[in-house]
2 protein chains.
Amino acid sequence: MIEHPYLLFLGDAPDMLAAKVAIGIRDWRPEFALGQIRLPGCGADLGLTDMTLAEAKAAGAKTLVIGVANRGGVISQAWKKVLVMAMEEGFDLASGLHNLLRDEPDLKAVAEATGRKLHDVRVPSVKYPIADGKKRSGKRCLAVGTDCSVGKMYTALCMERDMVARGMKASFRATGQTGILITGDGVPLDAVIADFMAGSIEWLTPDNEPDHWDLIEGQGSLYHVSYSGVTMALIHGGQPDALILCHEPTRSHMRGLPDYALPSLQQLRDTALPIAQVANPDCVVVGVSINTQHMPEAEAKAYLAQVEAEMGLPATDPYRYGAEKLVDAIAGI
Amino acid sequence: MIEHPYLLFLGDAPDMLAAKVAIGIRDWRPEFALGQIRLPGCGADLGLTDMTLAEAKAAGAKTLVIGVANRGGVISQAWKKVLVMAMEEGFDLASGLHNLLRDEPDLKAVAEATGRKLHDVRVPSVKYPIADGKKRSGKRCLAVGTDCSVGKMYTALCMERDMVARGMKASFRATGQTGILITGDGVPLDAVIADFMAGSIEWLTPDNEPDHWDLIEGQGSLYHVSYSGVTMALIHGGQPDALILCHEPTRSHMRGLPDYALPSLQQLRDTALPIAQVANPDCVVVGVSINTQHMPEAEAKAYLAQVEAEMGLPATDPYRYGAEKLVDAIAGI
């Protein structure tokens with residue numbers, strides 16, 4: 001297991017979207033998020049204390065967590081300097097990047113010399129089965145998005161928190177590096193071999209009590225051509241009973257794909273539901289989760305009301321206004 | 001490159017479906033398929049001469065090709081004996097199994113001791129990019145199926161043969177082990193890491209002359225819950241201009257999934273086309289390819305006529321009756 005508390009490394013992240021991992025840890029395990037460390041030119045700021053390695057060490061931090069995601073995954077030389085110095089100061093390193101810490105000869109050598117640990121949460125640690133599609137006991141809820149990074153993980157985490165507070169049986173099931181860094185286990189789905197994707201999700205969400213809910217962390221989007229296959233495997237492996245549609249209304253195009261427009265919530269519903277019903281004919285769309293972080297209060301509330309009217313479904317921003325509406329909706333099925 | 005001709009190893013394949021790799025080589029490179037070798041209990045028969053290793057060697061065979069696919073991929077001890085003896089006799093080994101020849105210590109040791117080669121065509125040999133979804137020049141055709149193993153590869157190979165014969169510019173693009181063993185290169189898509197699936201297909205089908213067609217080998221099915229994510233990535237990475245719907249009418253349930261019925265051709269069309277149009281808004285469904293191998297002549301012809309009437313599209317069994325109708329259809333777009 002990864003030792004906490006953490007010092008969150010933001011590197012030279014161009015913007016806050018690139019710091020999704022660090023933001024998730026700050027928001028869901030604030031007690032782990034002791035401070036942040038940034039390189040010149042970093043455009044992200046978690047609002048945590050900026051610390052040097054020595055300051056963080058003195059304050060009790062155990063692990064330097066790379067809180068930055070980047071397309072393709074590259075550990076730059078500018079990062080290396082901090083990572084090496086961190087190990088020399090006594091920190092373990094934890095990362096969810098594709099490019100593994102353990103595959104960097106210098107990092108590996110320093111880790112061995114200093115006795116520090118390299119935690120690559122990206123790497124699958126299990127030999128997953130091929131999916132068999134058999135009906136499993138217990139209930140499952142999956143958030144599907146119009147795009148990547150629209151709040152699917154936050155939706156599941158908010159729902160888990162609300163359900164546990166109500167005394168319901170609920171488990172957040174992590175499928176990405178942030179979720180795994182937050183909860184300590186899960187499936188790093190985007191690093192799984194293609195043939196075993198759906199099977200890994202069956203493994204992650206096994207038979208359970210009839211009234212237990214898995215809140216499965218969504219990934220990608222059926223409409224994002226770079227990652228849609230991952231989303232598809234998640235839907236068929238997860239065999240959800242309930243879908244939550246997730247959307248970020250201020251996005252002008254699909255993340256990383258300037259030529260691609262986002263689908264409407266209606267399009268997403270009409271695409272995702274028949275696909276989900278292949279694996280679970282009883283699946284229903286129960287609600288809509290809107291990421292309103294870029295909307296002022298009045299605009300956000302008006303938008304949510306409009307979505308409820310147009311879609312005929314409860315709609316909320318679970319992070320801003322609570323997940324009650326969504327939990328009410330799945331509690332009824 | 002893999003040296004030919006081959007001796008095709010069928011192992012203890014329970015039926016002909018399990019010998020798909022060997023059948024493909026026999027049908028598309030008959031000059032490579034010198035003979036077959038089988039274990040007791042083998043339920044497959046290619047109609048080739050059964051040979052001992054010594055007989056095949058004397059007849060000029062260079063490589064023992066494992067012509068059998070199996071769920072999950074395991075190299076059994078019963079197989080090992082033949083594989084080791086084959087190397088001792090002077091054969092190279094070639095395999096498309098998940099479980100790599102090179103990962104078996106005994107096979108690796110014997111290969112090194114005898115100087116023979118282990119060809120694992122399953123293993124990606126390229127670091128694929130993440131898909132960028134940019135429009136590429138040239139044309140692409142993709143076969144999508146109601147199920148796995150319904151004739152998608154054969155459809156593409158038949159079309160390539162017919163197009164080349166007509167003087168059209170056409171390239172079969174292999175995405176599975178059989179296709180790679182037949183043509184010598186391609187992407188082993190089901191072994192690619194999830195995040196890079198669509199990118200590997202963009203890499204496989206790059207910019208080309210405006211009148212050049214890639215005939216992309218299909219994989220899995222959007223309706224097969226074990227592999228649907230692979231199919232999705234193929235559609236979005238391939239950004240096809242033309243889809244061919246593939247179906248095997250005598251299948252009683254999805255392959256390997258007894259609880260799942262096959263979709264109709266209409267359902268497949270209505271699911272696959274909007275998904276393809278996310279990546280290529282001009283994509284059209286141009287025809288239907290029916291695998292009639294289990295139907296007598298009159299039944300096959302009646303079925304094709306019925307499909308043409310119901311779907312309003314040209315329908316043929318390209319392996320049995322030629323691919324002309326399908327090539328005519330894509331030649332017009």
Side-chain angles (χ1 to χ4, degrees), chain A residues 71-73 98 122 124 127-135 175 187-202 219-239 254 256-261 263 267 270-271 274-276 278-280, chain B residues 71-73 98 122 124 127-135 175 187-202 219-239 254 256-261 263 267 270-271 274-276 278-280:
Chain A
R71 274 171 75 91
H98 275 291
R122 169 75 56 179
K127 190 167 159 50
Y128 303 115
I130 287 181
D132 64 18
K134 288 193 181 135
K135 178 73 181 163
T175 61
V187 167
L189 184 58
D190 58 9
V192 171
I193 297 287
D195 248 6
F196 302 95
M197 293 186 297
S200 76
I201 303 305
E202 292 188 347
Q219 292 295 334
S221 165
L222 291 172
Y223 283 83
H224 195 296
V225 296
S226 309
Y227 309 115
S228 54
V230 178
T231 312
M232 186 66 145
L234 194 47
I235 294 173
H236 280 168
Q239 57 180 228
M254 297 295 285
L257 303 176
D259 300 334
Y260 288 79
Q267 284 176 295
D270 295 345
T271 301
I275 284 172
V278 170
N280 184 349
Chain B
R71 275 172 73 92
H98 274 290
R122 168 76 57 180
K127 189 168 159 51
Y128 303 115
I130 287 180
D132 64 19
K134 288 192 181 134
K135 177 74 181 164
T175 62
V187 168
L189 183 58
D190 58 9
V192 172
I193 297 287
D195 248 6
F196 302 95
M197 293 185 298
S200 75
I201 302 305
E202 290 188 348
Q219 292 295 334
S221 166
L222 292 171
Y223 283 83
H224 195 295
V225 297
S226 310
Y227 309 115
S228 53
V230 178
T231 311
M232 186 67 144
L234 194 49
I235 294 173
H236 280 168
Q239 56 181 226
M254 297 294 284
L257 304 175
D259 300 334
Y260 288 79
Q267 284 176 294
D270 295 344
T271 300
I275 284 172
V278 170
N280 184 349

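Letters go in sequence order (proteins before strands), and every chain restarts at 1. Note: hydrogens, waters and symmetry copies are ignored here, and every other heavy atom, side chains too, is used.
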Is A:Tyr223 in contact with chain B via its backbone, its side chain, both, or neither, using a 4.5 Å heavy-atom distance? both

State the CG-CE distance between A:Leu222 and B:Met232, to the nearest 0.5 angstrom. 4.5 Å

Pair count under 4.5 Å, heavy atoms only, with chain A: among B:Ala233, B:Gly133, B:Gly199, B:Pro129, highest is B:Gly133

Any idea which heavy atoms bring A:Val225 and B:Ala198 closest together, and the distance? O-CB, 3.3 Å

Suppose we screen for ring-ring contact (aromatic ring centres under 6.0 Å, His included). Which residues come up paired with A:Tyr128, at least two apart in sequence or across chains? A:Trp203

A:Val192 versus B:Ile193: any side-chain heavy-atom pair under 4.5 Å? no

Return the minimal non-hydrogen interatomic distance between B:Tyr260 and A:Val278, and the atom names on each side. CE2-O, 3.1 Å

Might you point out which heavy atoms bring B:Met197 and A:Ala194 nearest each other, and give the distance in Å? SD-CB, 3.5 Å

Do the side chain of A:Ser226 and the main chain of B:Ala131 share a donor and acceptor less than 3.5 angstrom apart? yes

